[in-house]
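Remarks on the structure that follows.
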Amino acid sequence: MQILGLYNYWIFIVLMMCGFYVVISRGNLVKKLVGLNIFQTSVFILYISMGKIIGGTAPILTETATVYSNPVPHVLILTAIVVGIATTALGLALVVRINEAYGTIEEDEIHAQSEDEAL
Amino acid sequence: MVTALAVIRLRDLFAVIMLFGIYSLLSASLFVVLDAVDVAFTEASVGAGIATVFMLGTLALTKSREKIPAAHKQVLPLLAVLGTGAVLIYGTSDIPYYGDPSNPIHHHVAPRYLEGSATEIGVPNVVSAVLASYRGYDTLGETTVVFTAAIGVLVLIGGARRPHSEESPRSDPKQELMKQYSILRLITKLLLPLILLFALYVQFHGDFGPGGGFQAGVIFAAGFVLYALVYGLDQARQIMPPWLLRIGISLGVLIYAGVGVAGILLGGAFLDYGVLDPHDPMHGQHLGIFLVELGVGITVSAVMISIFYAFAGRGR
């Protein structure tokens, strides 16, 4: 129990690092956004798992249950998911515009084109 | 987690996005296990539904193959990631254990909400009570963020079409092809009322069970997106014209803020629903939460549908 009690944080860290790796190592802008979303989901899992109490139930008041999980992280993450999709859509819209301007969504090709224009 | 790893390896972006949808669905079921039913609801409808459609819409406008990254570029990020991960894992040794009721997080404001909401708000779903009443300011702010993001998307890809789209014929071949799939069309027709009805149920039952404005808005939008995918964008635009959506986007925020201002005018604080009904504060709370969730639902669904229109209309 001593060691296993921390495993939710390890899952969160592994997921977060997966997302982080995709964001910094890949040049494709859509792939970067997917990585950013994985990163984001890992933070959601961290918050939700912190709110869990073993033996508790969902925070909807009933007469039978006495122990409820913590509702505060649920509220935070619920709104964060919707805000997340809105910002992702904004990012995707930027990708579409970049593709129209440069004809590519690969980061290094965009850099090369910008430098060509600067010269 | 395995899905996340596969997402890294695959270069076909279409497969990546499909896997990402599966990953979202898996994390939604994880949230159910962790007792966060409202969050699971949102994640399932947003991550596995709407996000996948938006990303596919982007792919349709760009390219679906990823370039193979240069080998020397992979080592440094990998080292950085491993280093950060190791530091974080070292850091977890001080963090309280999972699921322990004595953790500090459970002792600050949460018990107050859990004990007070039954008598002060009178809504069984504590998540809804906290979302719309106790922390109404946050939710207003987040609705505004969604609103702003929608404006950003519309400014970026909404209005003007590409200059060379004039010579393209009105009926595109894909849509003609879609007309042949009569099973799809029939099933869509059968499903659509159920989806919309379910969205309304989620909207108005959010006080008592899992659900609320955010989820309902997304489900409602998903119904329309399905319709537009099968029957074509033009037909969907006739039912839900873009001008109506633009009104909807701002109307939702206005309802929310208006409820807050009404509270001030009636002698209470901003977003204090208790004063809405002077005889029975509990009833006022119900009314306030109802209106606020309605505002959130209208804004979110209008935002999602208009972002979808923006992506789908761009490629024409």
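Convention: sequence-line order gives letters A, B, ...; per-chain numbering from 1.
Interface remark: of the candidates Val300(B), Thr143(B), Val146(B), Val146(B) forms the most heavy-atom pairs closer than 4.5 Å to chain A. Ranked by heavy-atom pairs under 4.5 Å with chain B, the first of Thr87(A), Ile77(A), Val95(A), Thr41(A) is Thr41(A). Ranking Thr88(A), Asn37(A), Leu76(A) against chain B, the residue ahead of the rest is Asn37(A), based on heavy-atom pairs under 4.5 Å.
The salt bridge (Lys or Arg N to Asp or Glu O under 4.0 Å) pairs that include a residue from residues 82-97 of chain A are Arg97(A)-Glu100(A), where partners are two or more places apart or lie in different chains.
Residues satisfying the side-chain contact (heavy atoms from CB on, under 4.5 Å) criterion with Ile98(A), sequence neighbours excluded, are Leu29(A), Tyr102(A), Ile110(A).
In this structure, chain A has heavy atoms under 4.5 Å from both the backbone and the side chain of Ala51(B). For chain A, no part of Val303(B) is nearby; none of its heavy atoms comes within less than 4.5 Å.
Between Gln40(A) and Gly84(A), the shortest heavy-atom distance links the atoms NE2-CA, 3.1 Å. Minimum heavy-atom separation, Ala221(B) to Ser301(B): CB-O, 3.9 Å.
Panel note: side chain Thr299(B), backbone Val296(B); no donor-acceptor pair is recorded below 3.5 Å.
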